[in-house]
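Worksheet for the structure shown next.
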Amino acid sequence: MSRIGVFVCHCGTNIGGVVDVPKVVEAAKQMPLVVFADENKYTCSELGQASIRNAIDEHRLDRVVVAACSPRMHENTFRRTVAAAGLNPYLLEIANIREHCSWVHSDHDEATVKAIDHVQMAVAKVARHEALFPKTIGLTKRALVIGGGVTGIQAALDIAATGHEVVLVEREPSVGGRMAQLDKTFPTLDCSACILTPKMVDVAQHPNITLLSYSEVKEVRGFVGNFEVDILKKAKMVDHSKCTGCGTCWQKCPGKVSSEFDLGLGQRTAIYIPFAQAVPNKPVIDLENCRYQTFLKWDESQGGKKPPECRICEKICPTKSIDWEQQDEIVTEKFGAIVVATGFKTFDHSVYGEYGGGRYPDVISSLQLERLMSAAGPTEGEVVRPSDGAHVKNVVFVQCVGSRDDRVGRPYCSKVCCMYTAKHAIMLKEHDPDVQCYVFYIDVRAGGKDFEEFARRAQDESGAIYLRGRVSHIYQDGKNLKVLGEDSLIGRPVEIEADLVVLATGMEASDNADTLAQTLNISYTIYNFLIEAHPKLRPVETQTDGVFVAGSAVGPRDIPECVAHGSAAAVKAVALLSQDSLKSDPLTSIVDPMKCVGCFACKVVCPFNAIEEQVTRDKRTVSSINENLCKGCGLCVVACRPGAINLRGFTSQQLLSEVLTLVRE
Amino acid sequence: MASDFTQQIREKARELLEDGTVECVIGYETGSDGISARPAFIYNAADVERLVFDNTCTHNLVKYLLNKKAKSTAVVVKGCDSRALNLLLSERQIERDKAFVVGVVCPGIVESRWNERSEQLQKRCDWCRQHTPVVSDFMVGDPVTEQPPADFADVAEEEAKTAEERAAFWQQQAERCIRCYACRQACPGCYCTDCFAESLDPEWVGIRIAPAESQMWNTIRAFHLAGRCISCNECERVCPVNLPLSLLNRKLEQKVLELFDYRAGMSEDAPAPLITFKKDEKLGIAE
Amino acid sequence: MSENSAPLIIGFLCNWCSYAGADMAGTSRAAYPSNIRILRVPCSGRVDPMMIVKCFQEGADAVLVAGCHPGDCHYNEGNYYGRRRFALLRELLDFMGVERERFRVEWVSASEGKRFAKIVTDFTNEMTKMGPRKAS
Amino acid sequence: MVQAESSSLEPVAKRVYSYYPGCSLHASAKEFDVSAKLVCQKLGIELRELEDWICCGASAAHSTSHLLSLALPAHTLKQAGEKGLPLAVPCAMCFSRLRITLHELKKKETLDLVSRTLEKELSTDVTVESMLDVLANESISLPVTKPLERLKVACYYGCLLARPPEVIGCDDAENPQTMDRLMGRLGAEVADWGLKTSCCGAGVSFPRLDIVLKLSHRILSLARSTGADCIAVACPMCHANLDMYQKDMTAKHKEKTNLPVLYFTQLMGLALGFSPKELHLDRHLTDPLPMLREKGLA
């Protein structure tokens, strides 16, 4: 038989001013299994807590009900109290007679009756509580960072600095991400590559970091501290253990294709590094465009001339690193924590028919302009028109292309475009004082350190003409483009003859961000941006313990924010990895394998993939709960018709007992 | 037609038993009253002549596949029965590769009982929209064009009453229920080894035979079949006190169709409506 | 119950949104009638239809289930499943004579204290007007 | 709906449309009416003019009374619905008003309101097609006798055949292809240009002629700069603006603007063997005949 003690709190006059506390105490004494009841002025005070501890001792209480404020306030306080007296902390129940009673009811009698009912419910529930014990689980003290942009680089370096091993997975042949494509950064006009490349090199050289470039995360199993991850290492066709990155192959390769890194403005070879400062500085072979592959795939029956065998790279490689036998390979690695930093891509402006729908070569995206401005870019920093290579004089910028526009399903602000456009206007003027820039904008959003000053500088010093309004139409008129728009501040249509139009394309989640999120069992928005556990207070954590998010994979962010979030995620990961073991919350579901019929409705509804299949000794396949993954929502309990699953702390028996105290008086 | 069906079933059964495809054929044979069919379990090819198919073949034989220890078994299914097969496949209660399904395009089943057979079609056959089995390995009869959606006149009639009248009606029914659980035993969707009705802790249904407890049983029985009931109406047929159980099942069937556009057992893959959801659906709940 | 005529309302509140919302009603002193008795559950998806039927079977006049707004569930999806179950359950209950008004589902966030108070007030008034359940 | 026929060799199962010419086609745009009818006849498309059609209200109704702007087309839609045939509408303005009305009547409250106003039971069970869509249907074979070779055409759709896209259902509101493909099938070279759906200024013809001149001149000169020999249109208003003011433009811009503007049906007619006379090609203010003669088409 249980021996339950009930402690009713006055909370000063917060409860006692409305609820007749002595009456509640008297009623509690009459309740089944209650052997002791008392009142306190402030139960949460040291005095009040001591009275609970003493009563547990004195009256050999094995369960405790505290009737006081919301359990959301002091449940943990009182768990510690009863634990200090030697009880299992889960043998406690709170009756909420403040927030749910004395604070919302003024009739003393009614409030007292309700308080008694709430105490009675808590007594009935606590009688069915069981002692629960958190499980201790081990952990792998390694971190996986997904995405090798500036965010992932920062996270990897910070984790590695604490002595933990890090694997950095990047799906492109080089780390660097979007930042590597930029020319300068706002508002300081630092050279992007100059500040990024040292970090890229640090990643490559750090003894604690393993860089897996040209690789992708395919499958994630396990749970916090104990993830098992399948990583696809795409075949590079080059043995990087032999290759010295001398560059002979990519200088001689005759297979020329449009460069992804230069966004179609330049060319690369079939065996390539994406850009000169790539890390690793060793090439991969793009099989689709490799001449030897074309030769191998050539089918005589289709006629035509047999292509040359090529294999030039193989012939000239001084270290014999070309390996035609290489295959895609899946490696499985164990990690304790995962940081997701998959970044963004830019909006595809071809859906905007009024801007030419991608048909005009001289209507380019801002990221393309970055490549044109970059000294390492396809034009070596000369800003010329893609159509005829002429130097530009009149440049029109259009803001909010794929941002703040419901029509294209992108109602959100991409946050960085106002600033990078200001940067472009300033830089173009610096390149050539004869350039005139026009900027069509909705609002100039310049919230940030030195941002407003920077945006003003574009207008005041660089003479960019800012026109508030949208562009309605762009069309090719001879060699130039005509830009029709509205200056909504004076309510007049505007017509500008431009030789280059730059569209400030917004930020979108990177390709397959949703698939990866599903693999990791973390949430994502309808725009495929990842969702943090709490937007204010847990900005780098997720609903899945041990998985952290950072950078622009979560939403539009600029470089300093990405770096800060990369570091933040690193700290959270390190805080996890520096523990010797983890404790799991015992308020999880539990399966009675005798009752389970193996319909696996529970498995279908579980949002956390916590239901596993287990074969019993009598060869039945039944559910079992992975308590490390279970978050205690109880969805499985309701899905289970035979009642084989129960939820600790909120068992069906407990809830039913509570209900029955109310209806069977 | 019936004799032709019988012949086809016998031939197939013989073939399956002789070539060892299955160990047992579950079909129908004529009962000892010489009139109505009853389930038959044929293990030897020599016995296939016992098998018949006629319009008294009411039982849903799929229920017999729930024996997980059985080896390969052939089973004769009508349209409605075949939906039970999908239900049980999706809930992993039977293994597809151990079941050989002899589908029969159902001619409609008549009311019959011991020594009595009317030509009156059963209620479920009026409602039926699936005469052709939805899953089969061998089909007896030619697939038919199914009728347009059934109306739910019986449900509507009940709904026309006031809440008070409805409460009184179900109260009366609960008073008659003897909780023999025949409805459960006949139902292909009721296969739990431990039923909530017999759980003592938590005691959902009190052990006394009292209207409130019977009401609890009948309500939850129906709800546990929400989106799973395949409308074979065997529960109502076997009820010894003739409780109108189909009303509850059909009320839910109607709602499931209306809210989720779902009919149970039509495919093995479509998740039952209560274990899936759509984020943006409007169900009249807190909107 | 203080009086026989006062309706008994049993409320199941999800821990993360609605229970916190009811707490917020308290902190902001948003008064409501005292008839409701509140059970804390982790998620509206934890509320078993069996439990609701049991409440009515045993004589409760009304049941309120409150959870996070769709999309805000602490467990991502719990209220979506709940929504489906409750939609069907309410139909079945109504069909069996428990008027649909007696079973209410609401989405109440942790910041909607005043709204929680209003919901309970309206619900209580409606139930008082309807009177106790007729059958059983 | 008349369904597209799969075979175009055999006598095509007759396509029959109700026909709504609209006011313009009985007056200033008579040549559009005449050429459309000739072409339809040639292609085996029967047009049955509604007996009791009335003005669509395009010129003024929608800027004065919203209800009136729906009630006028609704009267015509009602008749068309009773005929049970799809309604073919050449004039882009009429087409736009009819389509928009049909769209708005899909809202029950609007349908009820307009029904009450007209004291008629209205329904939205009627299909409205622009003459361009009727004739551009690629399942109709074109018996071209005089291909428009050597002719470069700038197809101009104007606003109303493109917008609003969700109501009109244009293939691409910024760069439509329907007329371009049709001209291509007639043997013409089509100009790729960027003002196909830009406004000609028709909405402000009377109060602000200066705007009309500016917008129309922009269209004409861009079309000219692409090397086009003429502009093909499908709207009487666009036609009027582009055709009528070329002399004024010449005066204003001190450079000769002389670019014939033809209805697409007239060009079709030429290719199908009708004479310039039959097609009323002599009714334009910017005379196309010298150019057509030079190309061997007249």
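When each of B:Gln254, B:Glu281, B:Glu159 is checked for heavy-atom pairs under 4.5 Å with chain C, B:Glu281 comes out on top.
Atom NZ of B:Lys255 and atom CG of C:Leu89 lie 13.0 Å apart (nearest 0.5 Å). Separation of atoms CD1 (B:Ile285) and CZ (C:Arg90) is listed at 4.0 Å; rounding is to 0.5 Å. We find the CE-CD distance between B:Met216 and C:Glu58 to be 8.5 Å, quoted to the nearest 0.5 Å. Rounding to the nearest 0.5 angstrom, the gap separating the CE atom in C:Met50 from the CD1 atom in B:Ile220 is 6.0 Å. If you take CD on B:Glu213 and CD on C:Gln57, they are separated by 8.0 Å, rounding to the nearest 0.5 Å. Note that CD of B:Glu287 is 11.0 Å distant from CD of C:Glu106, once rounded to the nearest 0.5 Å.
Neither the backbone nor the side chain of B:Thr162 has a heavy atom closer than 4.5 Å to any heavy atom of chain C. Neither the backbone nor the side chain of B:Pro211 comes within less than 4.5 Å of any heavy atom in chain C. Contacts between B:Glu203 and chain C at a heavy-atom distance below 4.5 Å involve the backbone alone (N, CA, C, O). Using a 4.5 Å cut-off between heavy atoms, B:Leu259 touches chain C through its side chain atoms alone. For C:Asn79, no part sits under 4.5 Å from any heavy atom of chain B, backbone or side chain.
Ring orientation note: the planes of B:Phe277 and C:Tyr81 are nearly perpendicular, at an angle over 60° on the 30°/60° scale.
Within residues 10-31 of chain C, no residue has any heavy atom closer than 4.5 Å to a heavy atom of chain B. Near-neighbour residues of residues 188-200 of chain B relative to chain C, defined by a heavy atom under 4.5 Å from a heavy atom of that chain, comprise B:Phe196.
Considering every non-hydrogen atom in both B:Trp204 and C:Met51, the closest pair reads CH2-CE, 3.5 Å. The two residues C:Val105 and B:Ala286 make their nearest non-hydrogen contact at O-CB, 3.2 Å.
Side-chain contact check for B:Leu248 versus C:Met96: some heavy-atom pair is nearer than 4.5 Å.
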